[in-house]
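This report refers to the structure that appears directly beneath it.
Numbers restart at 1 for each chain; the letters A, B, ... are given by sequence-line order, proteins then strands. All values below come from the heavy atoms of this structure, side chains included, with hydrogens, waters and symmetry mates left out.
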Amino acid sequence: MQKPSLPEGTRDFGPEQARKRAWIFDTIRSVFVKFGFQPLETPAMENLGTLTGKYGDEGDQLLFKILNNGDYLKDADPELLAAKNSAKLLPQISKRGLRYDLTVPFARFVVMNHHALTFPFKRYQIQPVWRADRPQKGRYREFFQCDADVIGSDSLLYEAELTQIYDEAFAKLGIPVVIKINNRKILYGIAEAAGIADRFMDMTVAIDKLDKIGVDGVRQELLGRGIPDTGVATILDVLSEPSFQALRPVFANSETGMKGIEELERVFHLLGKTTLHNEVRFDVTLARGLTYYTGCIFEVAAKDVKMGSIGGGGRYADLTGVFGMPGLSGVGISFGADRIYDVLESLNRFPANLSETVPVLFVAFDDTTHEFAFECVSRVRAAGLAAELYPEPGKLKKQFEYAAKRNIPYVVIVGETEMNTGMITVKNQISGEQTNMTVEELIGIIA
RNA sequence: GAGAUUGUAGCUCAGCUGGUUAGAGCGCUGGUUUGUGGCACCAGAGGUCGGGGGUUCGAACCCCCUCAUUCUCCCCA
């Protein structure tokens, strides 16, 4: 007899948790639908070639690979095997992997189905993704993402609308957030102004850490990455600017940087015509790791809770290009459902009524009354309402304890008297009040 | 991949510098109540002390190995 356990970084979700999670998904989905996004589902596994090379070297490391079926070593190169060369051996023993995010499978889907799609194509997708990461606070190896992406339009309207979606969804979820916006073009402009356009990636990785390691930390990081003193000075100077408008003089010689400012200007202009519940803030230090972002980038942080970002996204000018279909611009956002769950739990913001299961439980004394109770419970269900009948007639104590543990607010007692008169005894579990009535009257109460 | 942390009953945890039959609270089962849950009281079940090896007269406690957890770095939702 072995002790059962779960793989590292995965979890079961009991009834209570599953209800709360369903509420999160339903809430987010309702906002997606309101903005005209259509549902999409893709397989848990993709061909490995679809996934590799999309998330950088580090991302490839974090992909879960699926071992081929059957005699998977049959075609393996003996030399590679002997040399224990895992990297080169991999394609010979694994041709599939678990999806790492929902964006790349979406791009794959669009390329495969572009003939049947109407552009701009707006889809939402709520499914688990897997990363072979080291689990820690707010980080799991299996977690759900809720994505909304538009592909086939470069209109900045969508940047504004996706911001609205974030704002509305988090308002509905009851989580106060800050929605941070930046633009990769602005980051590139800074790199150009600092004369280190070729070290763009190094720069973004470094300044992304500002709120974590401080100005001095960023300076060390930049210098450590081999960026010259003059460049570092320019970069640190820019980081203190709270407004993207102030960057205009810096971008005097950077066409890309100016374009970034114009894009943000347009997005904020549109957002200015609506009312938002949460703060939307330009943040020059927002960089985000994924390599394919080219325009606006988003990140959502919960206020008052120490947690990594609970949402992120951005514009990618050419995501489908790697699948042989260049020129399709896309923009999307993602909600981290598992972290949102953790935030709601620590904020104690889940709606109270989520713990209620069914409104009424029928209990009986013997086989005869049990059968009559079965008729009664069926009539309640026929009226479209949820109801349960305790499986065994007999001791009331046991049946009442069951009702209490299940948080069932009404218990109907069906005995000989009730059966003969048709007047069932209905007990309100919260007030303790007990009254006789017909099944129809009960239906009226719980409806 | 690197570092730290924790692992004792179903759950949360005590368990002294190594010393007899390893404890508590909650939960669970039965009873006080064969037409009434929460409260109270009574009784009871439940533990290879994560696993393996070692030191010792003696190990939950010390040492080594191993597995797992949680957290930090890297990176990310």
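- Rounded to whole Å, atom C1' of B/U70 lies 14 Å from atom CZ of A/Arg11.
- Here the C1' atom of nucleotide B/A77 and the CG atom of A/Leu286 are 14 Å apart, to the nearest Å.
- A stacking contact between A/Phe365 and B/G35 is absent: the pair does not combine a ring-centre distance of less than 5.5 Å to the base's six-membered ring with planes differing by less than 30°.
- A/Gly311 comes within 4.0 angstrom of the backbone, heavy atoms only, and of no base.
- Between A/Arg11 and A/Asp338 a salt bridge is recorded (basic side-chain N to carboxylate O distance below 4.0 Å).
- Partner assigned to B/A4 is B/U70, using Watson-Crick or G-U wobble distances below 3.5 angstrom.
- Rounded to whole angstrom, the span from the CD atom of A/Glu418 across to the P atom of B/U36 amounts to 13 Å.
- Rounded to whole Å, atom C1' of B/C74 lies 13 Å from atom CG of A/Asp208.
- As judged by a 4.0 angstrom heavy-atom cut-off over every strand, A/Gln429 is placed among the base-contacting residues.
- Taking atom CE of A/Met419 as the reference point, atom C1' of B/G35 lies 15 Å away to the nearest angstrom.
- The distance from atom CG of A/Asp60 to atom C1' of B/C75 is 14 Å, rounded to the nearest whole Å.
- B/A43 is paired with B/U29 under the Watson-Crick or G-U wobble criterion, all donor-acceptor distances under 3.5 Å.
- The ring of A/Phe144 has its center closer than 6.0 angstrom to the ring center of A/Phe25.
- Note on A/Tyr402: nothing from the nucleic acid sits closer than 4.0 angstrom, heavy atoms only.
- A/Asn183 and A/Glu263 are linked by a side-chain donor-acceptor pair at a separation below 3.5 angstrom, with hydrogens and angles left out of the test.
- Looking at heavy-atom distances under 4.0 Å, A/Gln145 makes contact with sugar-phosphate atoms alone, never a base.
- Residue contacts for A/Val205: at a heavy-atom cut-off of 4.0 Å it reaches the sugar-phosphate backbone alone, with no base atom in range.
- If you look at A/Phe32 and A/Phe335, their ring centroids are closer than 6.0 Å.
- Expressed to the nearest 0.5 Å, how far CD of A/Glu299 lies from CZ of A/Arg281 amounts to 12.0 Å.
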